[in-house]
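Below is one structure, written out as structure tokens, with a few remarks after it.
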There are 2 protein chains.
Amino acid sequence: MGIKELARHLNISIGTVSRALNGHPEVNAETRKRVLEAAAALGYAPDQAGRSLRQGTLNVVALLLSTDLTSKTDTMFFMELSRGIQDQFAEHGLDLVIHLNKPGMDMLDRVKRIVERRQADAIILAETRDNDPRLDYLAGRNFPFATMGRSWSGGSHPWMDLDFDFAMRAAIDRLAGFGHRRVALVTGDPGYRLDTMLQDAYRRELMDRGIAVDEALMIKADTHEEGGYKAMTDFLAMSEPPTAVIFPHYRAVVGAYACLSESGLQPGRDVAILSCSADTTIAQFMAPPLTCFRLDLYGLGRRLAQALLASMSRFAESYGGALVQEIWPWELIGRDSDGFRVG
Amino acid sequence: MGIKELARHLNISIGTVSRALNGHPEVNAETRKRVLEAAAALGYAPDQAGRSLRQGTLNVVALLLSTDLTSKTDTMFFMELSRGIQDQFAEHGLDLVIHLNKPGMDMLDRVKRIVERRQADAIILAETRDNDPRLDYLAGRNFPFATMGRSWSGGSHPWMDLDFDFAMRAAIDRLAGFGHRRVALVTGDPGYRLDTMLQDAYRRELMDRGIAVDEALMIKADTHEEGGYKAMTDFLAMSEPPTAVIFPHYRAVVGAYACLSESGLQPGRDVAILSCSADTTIAQFMAPPLTCFRLDLYGLGRRLAQALLASMSRFAESYGGALVQEIWPWELIGRDSDGFRVG
DNA sequence: GTCTATTCCGTAAACGTTTACGACGATAGC
DNA sequence: GCTATCGTCGTAAACGTTTACGGAATAGAC
């Protein structure tokens, strides 16, 4: 069921059929109507391969995720983000395809493959690193891309990021308000932009309040349950344990809760726990409910897609064409996991 | 950088270049070596659009997921599954692309679009329903597909499924062994194959043990935290509450734990809790650790991909070509959420 | 009636591959 | 020396679409 068959069925040339379907102005209204009706009746849809071969565009945007990170943190985060991205693209007939990168494989190779085989018109990258060769490669090839998270690499490109400064200030404001002076921070892999930004903000906020930064209170841990458990264990073993701990992710908090429980301690009474993760329904059902941040991930995804579209020549006019880089706010949701006055 | 340019650079015809790259036998070993080296040096990779137009194949398999289900249950499940699927396909140069279907949109339309626009060579569907028009459509068009979960629709097609009978028997064996007679079952949306199979098995196992089935003990609830909270609330309000509750998903258990905690009750002491969900690290860090099932989701994904490949003419010979339908085992991981003697 | 402008449509080239077909030279068999 | 076989390679068609170009028909202006 190609365009040829459709044209023959209508006694029209394929050129006219194509023009009718693509909304070109130089076709009779009556003819267009006939074509559209016949196409719907016969279930014709243009072949993507033929179309992209001709016009050099695929109508596909790739989102590259690594399964090792998603399996260690929150798949929900990326699901919501992807949903927003996809909805935005759908308005232009673009499809989002998610490429899952397995742990061993080099992400740069994956990106190269997508570009060289022309598997997508543009790429969205997450989990940006401070120094990210993927971005440099894409920028060098002049391939449209956007990132979730800033990076020092890749020149000036569209991105969305979160306001880590604000989050850390809100978190430490709150904890300091409860009287905490020994506030610990658990971080993930060094090199990820997210972690360096959190650490920087953490240091700054403490110093602004005249609290000395104790490097021993910043420990690196995996962002899942076991990581949180281990981190909490280490804290409790200290001669002078922190009275409050900031975790990057709620799954790590689950581990920390378990650790405290085993030691007969209670979060929110003996140790204050606060998480920088996006608020998820699980957070409010934890015991005690977890203080964390509300994020509009869906909206963030949509906006990220818009930022990318604005940088693509084909869509630039619809979006003003300016470079879009935005820092998104968090909203602190105070619950019971961190609310006590330290004496 | 097309094949033409590469051929010109080598002073060879494009036909020979193509044959050399695709491993055809009728090309001189020396020539092949030159071509391969030049391709690597110049970073040439065949254009997917041109290739698929010519040979009518895309080297892409679509996995269709709905965001409303994944957001209500476990994204981890699908991540692990996808990872296995993708690894298997990668061995044949196939790419897996995940299509996220938003809540409102009809999944059938989505499937039709993929087929009509030839966006994939095959489709993998999850969340099959007892009566699933998507499968009938695909079977009618003779489009290769496989499903995660059996269905009455779509004729005989490759699928993978879980051994619900075994799981329910193991669960009720264990609970009955602790002396429980009033065992409740929380189920999800009716119509999903998963839920009907669990309910059937539940009824059968109870009857086999001479325990009367109390329909009031089978309640439908959303599979996330709030659903579990609400279900548990309803159970506690009964004149004769169940002493054990089987939840389909661990996230529902989180809600149930919270509900029990508010009533001063303790899971594993006052009410036995058991979950049919796949074991996730979070389960062993809950308080008390949750009894659930171990599943090899990655292996399941790989096998599902193999089943699909075996049904595709292009790859049938590598896989024997037989129809593959498998029921996968679960392994009960007993923990503390359900271990007490009633009576 | 001629000329021009407009509207609509058909023709054919082009996109980057793969592959059937045929051609060429070399080798071997007789 | 003729034919047959083999190994290697070039040529060109084909995949399904879009679009530049040109042509036919119509209408309007003089």
Can you tell if the side chain of [X] reaches within under 4.5 Å of the side chain of [Y], non-hydrogen atoms only?
| X | Y | result |
| --- | --- | --- |
| A:Ile98 | A:Ser82 | yes |
| B:Val324 | B:Met160 | yes |
| B:Arg51 | B:Asn22 | yes |
| A:Arg314 | A:Asn59 | yes |
| A:Trp159 | A:Ile327 | yes |
| B:Leu125 | B:Leu138 | yes |
| B:Phe315 | B:Leu94 | yes |
| B:Met312 | B:Thr57 | no |

What residues, two or more places apart in sequence or in another chain, satisfy salt bridge (charged side-chain N to carboxylate O under 4.0 Å, His left out) together with [X]?
| X | result |
| --- | --- |
| B:Glu91 | B:Arg302 |
| B:Arg118 | A:Asp47 |
| B:Arg303 | B:Glu326 |

To the nearest 10 degrees, the angle between the two end axes of the helix from C:dG1-D:dC30 to C:dC30-D:dG1 (five pairs per end) comes to 60°
Pairs of donor and acceptor atoms involving the side chains of residues 145-152 of chain A, under 3.5 Å and at least two apart or interchain, shall be tabulated with distances.
residue	atom	partner	partner atom	Å
A:Thr147	OG1	A:Gly149	O	2.9
A:Thr147	OG1	A:His157	NE2	3.2
A:Arg150	NE	A:Asp161	OD2	2.7
A:Arg150	NH2	A:Asp161	OD2	3.4
A:Arg150	NH2	A:Leu162	O	3.4
A:Ser151	OG	A:Arg129	O	2.9
A:Ser151	OG	A:Asp130	O	3.4
A:Ser151	OG	A:Ser153	N	3.0

Show the atom names and distances, to 0.1 Å, of all donor-acceptor pairs under 3.5 Å that link a side chain in residues 31-45 of chain A to residues at least two apart or in another chain.
residue	atom	partner	partner atom	Å
A:Arg32	NE	A:Ala20	O	3.4
A:Arg32	NH2	A:His24	O	2.4
A:Arg34	NH2	A:Leu10	O	2.9

Contact check, residues 29-39 of chain A vs DNA chain D, heavy-atom distance under 4.0 Å, returns none
Neighbours of DNA chain C within [range], by heavy-atom distance under 4.0 Å:
| range | result |
| --- | --- |
| residues 89-97 of chain B | none |
| residues 3-27 of chain B | B:Ile3, B:Ile14, B:Gly15, B:Ser18, B:Arg19, B:Asn22, B:His24 |
| residues 110-121 of chain A | none |

message = Whether the side chain of B:Ser18 engages the backbone of B:Gly15 through a donor-acceptor N/O pair (distance < 3.5 Å, no angle test) should be reported.
response = no
Sequence-distant partners of B:Gln119, side-chain hydrogen bond (donor to acceptor under 3.5 Å, both in side chains), two or more places apart:
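None.
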CD1 of B:Ile85 to CG of B:Leu300, rounded to nearest 0.5 Å, is 8.0 Å
d(B:Ser318 OG, B:Leu309 CG) to nearest 0.5 Å is 8.5 Å
- Identify the 5'-most and 3'-most nucleotides of DNA chain C with at least one atom closer than 4.0 Å to a non-hydrogen atom of chain B.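 Footprint of chain B along DNA chain C, 5' to 3': C:dG16 to C:dA20.
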